[in-house]
Amino acid sequence: MKHFLLILMTGMMAACSETANVKQTYVMHGAWTLRHIEYPTGTELNYPTESGETFCRIYDGDSIFYECQLATTATGMIILPHKAMDVTLIDKGGGERIYLEGDNPQPLTIVNDSTAVIQHNGALSTWLKDNYIYSEWGDEIRDIVIKDGNDDTEPHYYVLSTKERQQASTIHWLVYAIGLILLIAIQYVVANQRSKRHLQLQLRLIQEEHTERAQAVRQAITAEEDRYFSSDEHTALQRRIASGLRLKEEDWAAIEQQLKAVYPGFTSQLHGLYPMSELEYETCLLIKLRIAPKDIATVLARDVSTISTVRSRLYKKVFGRKGSTKEWDDFVLSIGA
């Protein structure tokens, strides 16, 4: 067993050693601009120059780059395409890296994630990563170099306009906004139609229940109504309302329980019509209790005109057409009766 474990560990160590010796590839992805060249003679050049010119490379990973000369202006960028070149970045280990440009090996130093130094014919070129150029102009630069790079004919200059880019971006967002508005409008129409179908179904169920209710059931509901409206509970409620006292939360709970005892399906059918506000719902409860509009306004601390508006607005929401306050009151009184 020990012999087997020794062999296994030896094999794993050998595999790890072989893996460590494999050349790993570094990836210089994105846009890189030339910032500095130091020649063996001691001469140095800094970029961008006073005229704003520098060189830019768009790297597609470790396989190819697209090089151009560019000059930044106040209104955009001027591009002179140079070449497209196959590249390979190899880590030889021990901090030694080789940059293969075509078949030409060049020492490469990765200073950090945004700085690289490439040695070519003894000159050291410092390149800095430029995320803005890559995100804003990377595709255009790549397409221009593919079209005119490595061309021996008269060079062609290209102007990339910031204003045109802003206009294109504005149009893009405008199209997106219009599409979003249309989507919201469609969803609203669909939801509105669904809500109307639900409302029509609820109204039909209420009508069918009222029409098909047996005579004995109607008589029982009428008897329960007579009992409740002549009861001490209803008399006490009327006196409290007439005195102008506001109803507390427990009073509203008691009213709901009393209505459920007389009209078992009233509150559920009322809620099934559509989501009512607290003011709308409490107004309907008081209508069902035969409370006069002026007293409803007093209890809810609203003007009589406000209560009238609530009732007529409810009728229009439910039936989709204008109706009087009396028509809404009659409808509420018919629910569960």
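Remember, predicted model here, so these are calculated numbers, not experimental data.
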What I want to check is whether the side chains of [X] and [Y] have a donor and an acceptor closer together than 3.5 Å.
| X | Y | result |
| --- | --- | --- |
| Tyr263 | Gln258 | no |
| His82 | Tyr66 | no |
| Thr33 | Arg35 | yes |
| Asn112 | Ser114 | yes |

For Val117, all residues meeting side chain to side chain contact (heavy atoms under 4.5 Å, CB included), sequence neighbours excluded: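 In terms of side chain to side chain contact (heavy atoms under 4.5 Å, CB included), with neighbours along the sequence ignored, Val117 is linked to Thr109, Val111, Leu124, Thr126.
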- Message: So, using ring-ring contact (aromatic ring centres under 6.0 Å, His included) as the criterion, who are the partners of His36 when residues are at least two apart?
- Response: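 For His36 there are no ring-ring contact (aromatic ring centres under 6.0 Å, His included) partners, ignoring immediate neighbours.
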*asked:* Test of understanding: with ring-ring contact (aromatic ring centres under 6.0 Å, His included), list the residues that count as partners of Trp328, not counting sequence neighbours.
replied: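 Here the qualifying residues are Phe331.
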Qualifying salt bridge (Lys or Arg N to Asp or Glu O under 4.0 Å) pairs, either residue in residues 43-58, two or more places apart
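Qualifying pairs, neighbours excluded: Arg57-Glu67, Arg57-Glu101.
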Discussion item. Just checking His29 against Tyr59, ring centres under 6.0 Å apart?
Written reply: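 Aromatic pair excluded; centres sit 6.0 Å or further apart.
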In the structure I gave you, are the side-chain heavy atoms of Arg313 and Glu280 within less than 4.5 Å of one another anywhere?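 A side-chain contact under 4.5 Å exists here.
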Can you find a heavy atom in the side chain of Asp148 that is under 4.5 Å from one in the side chain of Val145?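 Not touching, per the 4.5 Å side-chain cut-off.
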**Prompt:** Who passes salt bridge (charged side-chain N to carboxylate O under 4.0 Å, His left out) against Arg290, sequence neighbours left out?
**Reply:**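 Residues passing salt bridge (charged side-chain N to carboxylate O under 4.0 Å, His left out) with Arg290: Glu225.
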**Prompt:** Do Arg311 and Asp329 sit within salt-bridge range, that is, some charged N less than 4.0 Å from a carboxylate O?
**Reply:**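 The answer is yes: the pair qualifies as a salt bridge.
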Under the ring-ring contact (aromatic ring centres under 6.0 Å, His included) definition, can you give me all pairs with a residue in residues 287-312, not counting sequence neighbours?
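Found none.
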